[in-house]
Amino acid sequence: MAKDKTVFVCQNCGYISPKWAGKCSNCNSWNSFIEEVQIAEPKGLNAKSQHIAGNAIRISEISNKKLDRIQLPYEEFNRVLGGGLVPGSLVLLGGEPGIGKSTLVLQSVLKLKGKKVLYVSGEESENQIKLRAERIGIQNEDCFIYTETNIEKILATIKSTEPEIIVVDSVQTVASEALTSSPGTVSQIRESARLLQEYAKEFDIPVILIGHINKDGDIAGPMSLEHIVDAVFQFEGDNNHYYRLLRPKKNRFGSTYEIGVFEMINSGLKEINDPGNILISDENVGLSGVSYGTLAEGTRSLMIEIQTLIGNAVYSSPQRTATGFDSKRFQMILAVIEKRLGLHLSQKDAFINIAGGIKVKDTAVDLAVLASVISSYYDKPIQDNTCFIGELGLSGQIRPVSFIDKRVSEVFRLGFKNVFIASSQKSELSKKYSGIISVSDVKDFASKLFSLSQ
Ligand code: TYD
Ligand code: MG
């Protein structure tokens, strides 16, 4: 008889090691190994059994099965899903605790009438879920709640209830009794997801899994879970702000460019169909160090507000702090300004903050950061209604960015008057709009920045 083995599994990436180690050699995370028992597969019978040959078919002969997507009641959610929830798919929704994952899913299934839904919760009691439902204020007779963490029991209940949509909140709380490791470990999460997936595919029922994320922003536990599921979405935002972005990380049935925008209000989440300027406020207009840029997100463009503070260094080594912006990129921009414009930034503390609690990765924001640093350095406000779109190269040149048409038209639609862009993107746009200012490098930019007529 084969023996069960004890192995050590990295809880971050699922790497298996025969010995305990402080650092995972696969994903470099520290202290991530947990001892788990690997149940031996019975050998003999299976290993030697003769397999019957399967049938391979031509791709052209595969019938085009129409995907009858289930339309959720929120357009923002449907669009991010790629046009609705695909039957038989396994969808993972990740996000920090308290961001509103349970609220988003519960209110989507409550508002969806005529579909039987089973909402399995391993985190909250029936009463807590009822309270949330009351707060959201939607009644639905087709929504069933089941509080349980044992996946075998959950599957049995699913089979007897026969729901048309299944929700599991959260995947980290469910566990199989066939495994000895505790809930939340890689093997438990993987096993539970596998069992749910089997059911989903067999009966063509969609399953929404809710998962927590760790400090690095990955779904806590297994990256391997992201391979099993069909789609992974992150629900993000800042607990101190009301806006929430639903962002796809992987989607087998749609693009990963779209984002969904929601606002957390007293009665749950409200979708925002025209989010162009939700992230900017009027409060900081006319202050030095404040500038505006754009983020291209799928078919949309969002305006963002950048706040920078450049001050005399308090300690011998100047501080560099970036919130919502990549700190390495911020340092690069500071270095380019120092070298190409001769501003003495190495003696200064520099802080940057993206308003609204969102995290920016779009390099088209570089030019807006550049503008806010220069404005704060000279303590001189930038002319009202001005926006900056461009990427900064190490040699100081301003480079073209993607989706420039979409960005510029949104900026003007929202009432901005002047837009700085890279000179290489000027030709078409300046024919169309009158407020285009093109710049070729940082020197050219600095000379034009404060020369706008007031
Ligand atoms: P929740 O959905 O429980 O978050 P998660 O499942 O991601 O942990 O949302 C929790 C937060 O949302 C909580 O701090 C309160 C806030 N909230 C509202 O502001 N309004 C509401 O109507 C609801 C239901 C929650
Ligand atoms: Mg929750």
Side-chain angles (χ1 to χ4, degrees), residues 72-74 76-77 80-81 85 90-112 117-140 143-149 151 154 165-175 183-184 188-189 192-193 196 207-221 225-226 229 231-249 259-272 275 278-279 356-359:
L72 295 176
Y74 296 102
E76 291 295 291
F77 205 167
V80 174
L81 282 164
L85 197 55
L90 207 59
V91 170
L92 177 62
L93 175 68
E96 284 172 22
I99 204 74
K101 303 178 293 297
S102 307
T103 309
L104 176 67
V105 176
L106 183 66
Q107 96 180 58
S108 299
V109 295
L110 280 178
K111 207 171 169 198
L112 183 73
V117 177
L118 182 66
Y119 188 107
V120 181
S121 179
E123 302 216 328
E124 288 160 311
S125 69
E126 287 152 11
N127 262 332
Q128 282 170 312
I129 299 170
K130 170 96 180 163
L131 280 177
R132 178 178 290 125
E134 277 174 358
R135 198 166 166 189
I136 295 167
I138 312 170
Q139 301 264 358
N140 189 340
C143 186
F144 293 78
I145 304 292
Y146 179 50
T147 51
E148 179 56 61
T149 55
I151 189 72
I154 293 173
I165 297 180
I166 302 165
V167 178
V168 177
D169 186 3
S170 67
V171 67
Q172 274 100 352
T173 56
V174 291
Q188 285 289 11
I189 296 178
S192 306
L196 287 164
V207 179
I208 302 177
L209 300 174
I210 294 178
H212 301 292
I213 59 170
N214 58 23
K215 57 182 185 317
D216 299 326
D218 294 319
I219 312 282
L225 186 57
E226 297 186 6
V229 299
V232 182
F233 301 104
Q234 294 272 33
F235 204 37
E236 53 183 56
D238 191 319
N239 275 337
N240 302 322
H241 294 87
Y242 306 114
Y243 295 108
R244 303 283 184 268
L245 303 184
L246 184 64
R247 202 188 280 282
K249 253 181 115 178
I259 56 159
V261 185
F262 295 86
E263 182 183 3
M264 181 62 92
I265 54 174
N266 258 340
S267 54
L269 290 154
K270 188 173 128 216
E271 61 180 341
I272 304 201
I278 53 159
L279 298 169
I358 63 157
K359 294 175 190 76

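Counting starts at 1 for both ligands and their atoms, following the listed order.
- For the pairing with Ile210, the side chain to side chain contact (heavy atoms under 4.5 Å, CB included) check across Leu104, Val91, Leu106, Val105 returns one residue only, Val105.
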Hey, what polar pairs (N/O, under 3.5 Å) does ligand 1 make with protein?
from     : atom 1 : to     : atom 2 : distance (Å)
ligand 1 : 2 (O)  : Ser102 : N      : 3.4
ligand 1 : 2 (O)  : Thr103 : N      : 2.8
ligand 1 : 2 (O)  : Thr103 : OG1    : 2.5
ligand 1 : 3 (O)  : Arg132 : NH2    : 2.6
ligand 1 : 4 (O)  : Gly100 : N      : 3.1
ligand 1 : 6 (O)  : Ser102 : N      : 2.9
ligand 1 : 6 (O)  : Ser102 : OG     : 2.6
ligand 1 : 7 (O)  : Ile99  : N      : 3.3
ligand 1 : 7 (O)  : Gly100 : N      : 3.0
ligand 1 : 7 (O)  : Lys101 : N      : 2.8
ligand 1 : 7 (O)  : Lys101 : NZ     : 2.8
ligand 1 : 8 (O)  : Gly98  : N      : 2.7
ligand 1 : 9 (O)  : Thr103 : OG1    : 3.4
ligand 1 : 20 (N) : Arg135 : NH2    : 3.2
ligand 1 : 20 (N) : Ile265 : O      : 2.8
ligand 1 : 22 (O) : Arg135 : NE     : 3.3
ligand 1 : 22 (O) : Asn266 : O      : 2.8
ligand 1 : 22 (O) : Gly268 : N      : 2.5

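- A donor-acceptor distance shorter than 3.5 angstrom exists from the side chain of Gln107 to the backbone of Leu269, with no hydrogens or angles considered.
- A donor and an acceptor atom, one from each side chain of Ser170 and Glu123, are located under 3.5 Å apart.
- Taking CG from Leu72 and CD1 from Ile165, the interatomic distance works out to 6.0 Å, rounded to the nearest 0.5 Å.
- Looking at Lys249 and Glu226, a side-chain N of the basic residue comes within less than 4.0 Å of a carboxylate O on the acidic one, giving a salt bridge.
- No donor-acceptor pair under 3.5 Å is formed between the side chain of Asp169 and the backbone N or O of Tyr119.
- Test Ile208, Val229, Ile166 against Leu90 for side chain to side chain contact (heavy atoms under 4.5 Å, CB included) and you get one pass: Val229.
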side-chain contact (heavy atoms from CB on, under 4.5 Å) for Ile151 and Val168? Distances and angles first, verdict last. CA-CA 10 Å; Ile151 189 72; Val168 177; 6.0 Å; no
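- Partner of Glu236 under the salt bridge (Lys or Arg N to Asp or Glu O under 4.0 Å) criterion, out of Arg244, Arg247, Lys359, Lys101: Arg247 alone.
- The number of protein N, O or S atoms lying under 2.8 Å from the Mg ion (ligand 2) is 1.
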